[in-house]
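Encoded as structure tokens, the structure appears first; notes follow it.
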Amino acid sequence: MPELILACGILLILVAGFFTRNKKTNVNALLALTILLSSLAYTILCWNNYATPLSLFAGLIRCDQYSTYFKILIDVGGILTVLMSLRNRVLSSGKFNSEFYALLIAAVLGAHLLVASTNLIMVFISLELLSISSYILAGYSFTKKGAEGSLKYFLFGSVASAIMLYGFSILFGITGTLDFTSIDFTGRLIEHQSLLVVVAGLMSLAGFLYKIAAVPMHIWSPDVYEGSPMPVVAFLSVVPKLAGIVVLSKFALTLTLFGQSPFDWQLVLGIIAMLTIGIGNLSALWQTNPKRLMAYSSIAQAGFLLIGVVCFTEQGMHALLFYSALYVITNFAVLILLQAF
């Protein structure tokens, strides 16, 4: 239901855009706010319904409290982005106003579907819905720097998606199933342990690491943040990162074959987490632009979020849940202050 609310909301805002074209009005923003609040309210009110995991659309997505918790955080991120956009001169000018909010809600919808995905095809479609919307949002400052950041984001993202999809196709060839949470998928990976599985796993991880801006897939981040409007910076630093870390946590658990994999995936992810924290924080020391500073902060935060995944324990996941909620609040707080000054 929250996803249906968001999907209908996109159509509603596009229709409303015909009547508010090039007019300086807050109608589209208020409409977007209503849609996101409706999705958030429904998700919170139906929290107990998700106590028992439910598979939908032939196992493409699974609704449970883990994914629902992150849907709430994603909706909060979307709502705060809309509120920030009201104070932004470019986004409140009326130029392509309805399209901005339609793309924002499309990105939120993609993030919703991504956190609930248990099928490799659904992961790819959700990731692309989130990514393509983000590529366009990044250029919404309508400046040369914004266009450059948006183009870099698109080019790097296309390559990362292609590599990830190739990894998925190899895994499908080995296992014969696209449901990466199924017993068949895990069982066949245990039977066919080879270097090919490791290569496919690393290629698949490339797309997820790109989405959360983790090392070595982080180099797009500073240029994109610098060229984007401040509300978009806030959105990109939170929503895609949380959606990516959720699906990565599920996928990484499958790759380890629940502790039976001969290849040490925990070590690989641990090294990536440490490098991400180190490079993110140390690179931030040289920054003089506040947006680039926040970009490197965002890279470092991806490393901290990864630590919760790397533990592969219940306590690690609890830490991830707690840290994610704090990350949304504090990151938006800093960027709201930056926009105000």
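In what follows, residues are counted from 1 in the order of the sequence shown. What you see is a predicted model; the values in this text were computed from it and never measured.
- For Tyr69 (side chain) and Leu321 (main-chain N/O), a donor-acceptor pair under 3.5 Å exists by modelled atom type.
- The shortest distance between side-chain heavy atoms of Val328 and Ile74 does not fall below 4.5 Å.
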Evaluate ring-ring contact (aromatic ring centres under 6.0 Å, His included) for Phe70 paired with Tyr66, printing each intermediate quantity in order.
CA-CA 7 Å; Phe70 282 95; Tyr66 179 58; 5.5 Å; yes
Residues Asp264, Val268; criterion side-chain contact (heavy atoms from CB on, under 4.5 Å); working and verdict:
CA-CA 7 Å; Asp264 197 345; Val268 171; over 6 Å; no
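- Of the inter-residue distances, the one linking Ser298 atom OG with Leu335 atom CG reads 9.5 Å to the nearest 0.5 angstrom.
- Evaluation of the ring pair (Phe, Tyr, Trp, His ring centres under 6.0 Å) test over residues 181-230, restricted to residues two or more places apart or in two chains, returns Tyr153-Trp220, Phe208-Phe251, Tyr210-Trp220.
- Remark: side-chain polar atoms of Asn331 are not paired, donor with acceptor, to backbone N or O of Tyr327 under 3.5 angstrom.
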Does Phe168 form a ring-ring contact (aromatic ring centres under 6.0 Å, His included) with Tyr166? I'd like the steps, not just the answer.
CA-CA 5 Å; Phe168 284 176; Tyr166 195 19; over 10 Å; no
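- Proximity of a side-chain donor or acceptor of Ser297 to a complementary backbone N or O of Leu293 within less than 3.5 Å is not detected.
- With rounding to the nearest 0.5 angstrom, the CD1 atom of Ile72 is 6.0 Å from the OG1 atom of Thr43.
- Of the N and O atoms on the side chains of Asp75 and Ser39, at least one donor lies less than 3.5 Å from an acceptor on the other residue.
- Under the 4.0 Å criterion applied to side-chain N and carboxylate O atoms, Glu148 and Lys152 are assigned as salt-bridge partners.
- Looking at Thr256 and Gln266, their side chains never bring a donor and an acceptor atom within 3.5 Å of each other.
- In summary, Glu226 and Arg292 engage in a salt bridge, as defined by a charged side-chain N under 4.0 Å from a carboxylate O.
- Under the 4.5 Å side-chain contact rule for hydrophobic residues, Phe263 and Leu195 share a cluster.
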